[in-house]
Structure formats: structure tokens, C-alpha cells
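A quick write-up on the structure given underneath.
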Protein chains: 2
Amino acid sequence: MASNVPEQSPARAPLRRQEVTERIKSLILQNRLAPGDPLPTESELCETLGASRSSVREAVKVLSALDIVEVRHGHGTYVGRLSLAALVEGLTFRAMLSRHDDFATLAELVEVRQVLERGLAAPIIGAFDDGQHRSLAALVAEMEELAERGETFVEQDRAFHLLLMGPLHNRLITQLTGAFWDVHAIVVPMLEASVADARETAAAHRAIVEAAARKDVPGFADAIAAHYAPVLKHLNAKMGTVDPSWPPA
Amino acid sequence: MASNVPEQSPARAPLRRQEVTERIKSLILQNRLAPGDPLPTESELCETLGASRSSVREAVKVLSALDIVEVRHGHGTYVGRLSLAALVEGLTFRAMLSRHDDFATLAELVEVRQVLERGLAAPIIGAFDDGQHRSLAALVAEMEELAERGETFVEQDRAFHLLLMGPLHNRLITQLTGAFWDVHAIVVPMLEASVADARETAAAHRAIVEAAARKDVPGFADAIAAHYAPVLKHLNAKMGTVDPSWPPA
DNA sequence: CAAAATTTGTCCGTATGTATC
DNA sequence: AGATACATACGGACAAATTTT
């Protein structure tokens, strides 16, 4: 059960690409660069680091996948936004791969989202103010309007949950919320697991806002649970379901 | 090689590497491969996908960074373990980059860990049984023994928190716990932010186990809070601290 | 508008290191 | 130890995208 830290059996020659990767990271750290700051060009990195262009490029691509670096074709290489894009891509792939047997991965994801929001009930309500109330109420109104017309409201839904977390001033929580939501939004349509009734979902969001406005912590937690309950029920009901017609060519 | 179809305006030709990346992912999905299953060799992928080695290699490196693919030098390419290694690397880098100004990133990380464990108090206690009690108590005993000798116990600490989450049967929660813990363990030593007193930490873990054994949900949540409180206090106290002597050459 | 300069993207050929039989 | 299969690394050439002149 060793954690994923150095493994040094027979001191093996470190791979060239790995060396370059680490040195680029050090370059950013030691120069205290910020997202958007320019990095040396490929050829400059080749000279500085004494590596071929192939090695440098592969290293840059790895860092690009982690959003530590951002590459713009014909323009240059820059420090990345350090987002959780890699988490989204990894979890999305995992969910799609496990989908054939069951929907366990997706259900686990929903559980985590629920734990985060329920566990943060007290601080969320503590920081709940009028401005936030108005913004959330407006989003819910949009949801209800769209639901009545038989339309969906993915954008409003995402904004709602992010806005709920915003006042906590914890960027990691906000980004995790967004990341988990993104995975869900990407995977669910591919499962053809039609979402719950839109009106029901809109009503659940309204209940969350109202509980928060009442400063009712247990009520808020219950409203969160009620919001996720139909999703979890639906996923658990589809366990074992297989759609052999997907993915298409 | 002139394009007989002049691509006009917004529809930009997708990059070769991106195409290859997607097709390798599709290859895994459509063939329902599992972690450890072998993938075609580089040259085979070049033929199948009609791309050069460079493009294939860069694509494979990206997938390797996400642990969707695993490359063993001189052996072959295989489906990866789909771990959260990319999350660990990304968060670690972010924490080290933000360290110059403050310890906000690390503090946010600790908050998330706390929310997860506190929010899961009820299900954890619901699934708490004798075997788990013995395992956790044994770990705590080791901690106390090591603390008395003035030693640390990172391995026992990591195992403790993973064991706490184990019975929930939610792999995502378990992996997130491990990932967050890893980031913390990697970053903290680099900050020279000396950890709290080992005996105090061991005692906090014992309090958690005892509350769980009593089936005392609020007591468990309080014990979790008491466990993280000194860490958060310490991080907040160091806000703005800068150690110009790091990193070394 | 057009050409040039800069930078990343792609391809090829070759040589080397590594693991397995 | 040798042979084979595979990934790693290098260098050069040209294509594509972007900005500047």
C-alpha cells in the first residue's frame, strides 16, 4: 500500500521526457509564473534543456493534458489555467467504460456531489445573503419557465450549483463542483438515461433556495437529498442495463 | 496533398494528435477493454489510424498522463488503471505554485477533506463493524507507539483515512480521499510547514475511532473537526509566509 | 491585401535502450 | 548469450496557424 511517491529500486536512468517535464515545471515554479505567462519556445527549450524536439514536445503535451501548460498553434506556449480538466476527462472516460456493466461510476459521482453539498450546508447558509438569494431565485424562475415549455436547462442547473458554492471562497470546492457536474452532463446523454422530469427538478432547486433563505440547515440538507434522490434512484434502476447500439461509428 | 475541399470558416481541421487520442479512447471503449489489457503497438496504431509515430506517441503520452493508458518501456502499451494520478499531479503543482503568496490552496484542500469525512459521518458509522474497529485501533496503536518515540507515521495516517472510507463501497470517494491525502503529504514537507505534534495527531485519530465505536454521529463529526483544526490553524497562521530558500537547485 | 517571420504541428529515417524468449 | 519485439530518443524537412511588416 505504498503511496505514489518515489520509487527507487535500482537507480534507473530517468527518462528524457520525464526530466524535461520536471524541468519545465521547475521553470514555472522558480520564476513564479502565473497562468497566461509565456514560456520559452520549443526550440529554446531544446537548447536550454539539451533535449531533442520530440522529447520536449511529448513533455509539453503531458503538461498540457494536466493544464499546467497551454499550447496555441502558431503562437506559443503559455502557463496553463491549472483547471481540473484532466479530472473531468479521466472520470468521463471511466464512467463510459464502466457503463457496459453498470452505472456504478455515475452513481458514485452523484453520491460525492451530494456529500459535498450536504456537508457544506452550514457554511453555505451562514454565507447566504440577499444578492445570492435573488440570483438563485432568478435561475430557478428560468428553470421553471423552461420546464413548462418542455425544454431542459443544463446551463441554469450548472450555474445554480456553482453559485451555491461561490460565497465559500474555496476555489477547489467550486472547481470540483463544476468538474463533477461536467462529467455528469457529458456522460448522461450518452447513456440515453433520460433525466428526471424537468418540472420536478426545477421544484427541487426551488426548495433548496427556500431552505437556505429560511436559514434552515437541516431543511437545506433534506432539500439537497431530495434533489439527488430521483437521480440516484434512476441510476440504480438502470444497473445492468446495456445499450449495445452505442457508441456509433 | 492539396485539399480538394476548401475548409471555410469555423470548421477547423481537427489536429492529428487529437484525432488519434479520441480514436484510441474509442478503441478501448468499443472493445470493452479493462485495465491491464494490451493495446496495439505504436507501429500498428500508426497503420490503423494512418498517422505518424510522432502523432501517435504524443497522443499516447497524453492518455498516459490521464492514466487511461499505461506504457511499459520495451514491453508494450496497455489500458491504464484510470486512477486519479493526474488530479494529484495537478493539485500538487497548483499548491506549490500558490505557496509563494499564501497557503490558500493547501487550506482549501484540507477543508475539502474535512467536508468529505464529516459529511459521510452517518454512513461511515452505519457501516462500522468490529473488524474495522480492530484494524483502525491497531493503526492508532502504531501511531501512538511511533509518536512516543518521536517518529512520524505517514503510512498509518493514510491507511487510517482510507480504511474509514472503505466500507462505503464508493471507489470514487476512496480514491479522492487517497488523492487529496497524497497531495497534502507531498506538498507539506516542501513547505517546511512542520506538522503538528505527532502525539496530538494520534490522539485525534483515537477519538475518531472511539466516536465511531459508540455510534455517535455528532461526536464523530466533532472528532473529525478536531483532527483537522490544528492543521488548518497552522496553515492559516503561515499565510503570507515566504521561504525564499526553496526550492533548492 | 500580401508577403515574411515566428511558432507549433506532422512526418520520416535512423539509432539506442529495454524486456522477453 | 543471442535474437526478437518494443518503446525511447534524435535530427531534419515540410505543413499549418498566427502575427507583424
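First the proteins, then the strands, lettered A, B, ... as listed; each starts at 1. No hydrogens, no waters, no symmetry mates; every other heavy atom, side chains included, goes into these values.
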Interatomic distance, [X] [atom1] vs [N] [atom2] [rounded to whole Å]:
X: B/Glu42; N: D/dC6; atom1: CD; atom2: P; value: 10 Å
X: B/Glu58; N: C/dC11; atom1: CD; atom2: C1'; value: 11 Å
X: B/Leu15; N: C/dT8; atom1: CG; atom2: P; value: 14 Å
X: B/Lys61; N: C/dT10; atom1: NZ; atom2: C1'; value: 17 Å
X: A/Arg17; N: D/dC10; atom1: CZ; atom2: C1'; value: 14 Å
X: B/Glu70; N: D/dA7; atom1: CD; atom2: P; value: 13 Å
X: A/His75; N: D/dT19; atom1: NE2; atom2: P; value: 5 Å
X: B/Arg72; N: C/dT20; atom1: CZ; atom2: P; value: 9 Å

With sugar-phosphate meaning primed atoms plus P, OP1 and OP2, does [X] contact a base, only sugar-phosphate, or nothing at under 4.0 Å between heavy atoms?
X: B/Arg57; answer: base
X: A/Thr41; answer: sugar-phosphate
X: B/Ser43; answer: nothing
X: A/Arg53; answer: base

Please round to the nearest 0.5 Å and tell me the distance separating atom CG of A/Leu106 and atom CG of A/Leu235. 5.0 Å
Could you state the interatomic distance from CE (A/Met165) to CG (A/Asn170), rounded to the nearest 0.5 Å? 9.5 Å
So, the side chain of B/Ser26 versus the backbone of B/Glu22: is there a donor-acceptor pair under 3.5 Å, distance only? yes
Applying salt bridge (charged side-chain N to carboxylate O under 4.0 Å, His left out), which residue pairs with at least one partner in residues 46-65 of chain A are found, sequence neighbours left out? A/Arg17-A/Glu58, A/Glu42-A/Arg53, A/Glu42-A/Arg57, A/Arg57-B/Glu58, A/Glu58-B/Arg57
Report the nucleotide, chosen from C/dG9, D/dG11, C/dC11, that has the shortest atom-to-atom distance to any side-chain atom of A/Ser54. D/dG11
Side-chain contact check for A/His73: nearest option of C/dC11, C/dT8, D/dT8 is C/dT8
Contacts of type side-chain contact (heavy atoms from CB on, under 4.5 Å), residue A/Glu155, not counting sequence neighbours: none
Who does C/dC1 pair with, Watson-Crick or G-U, both distances under 3.5 Å? none
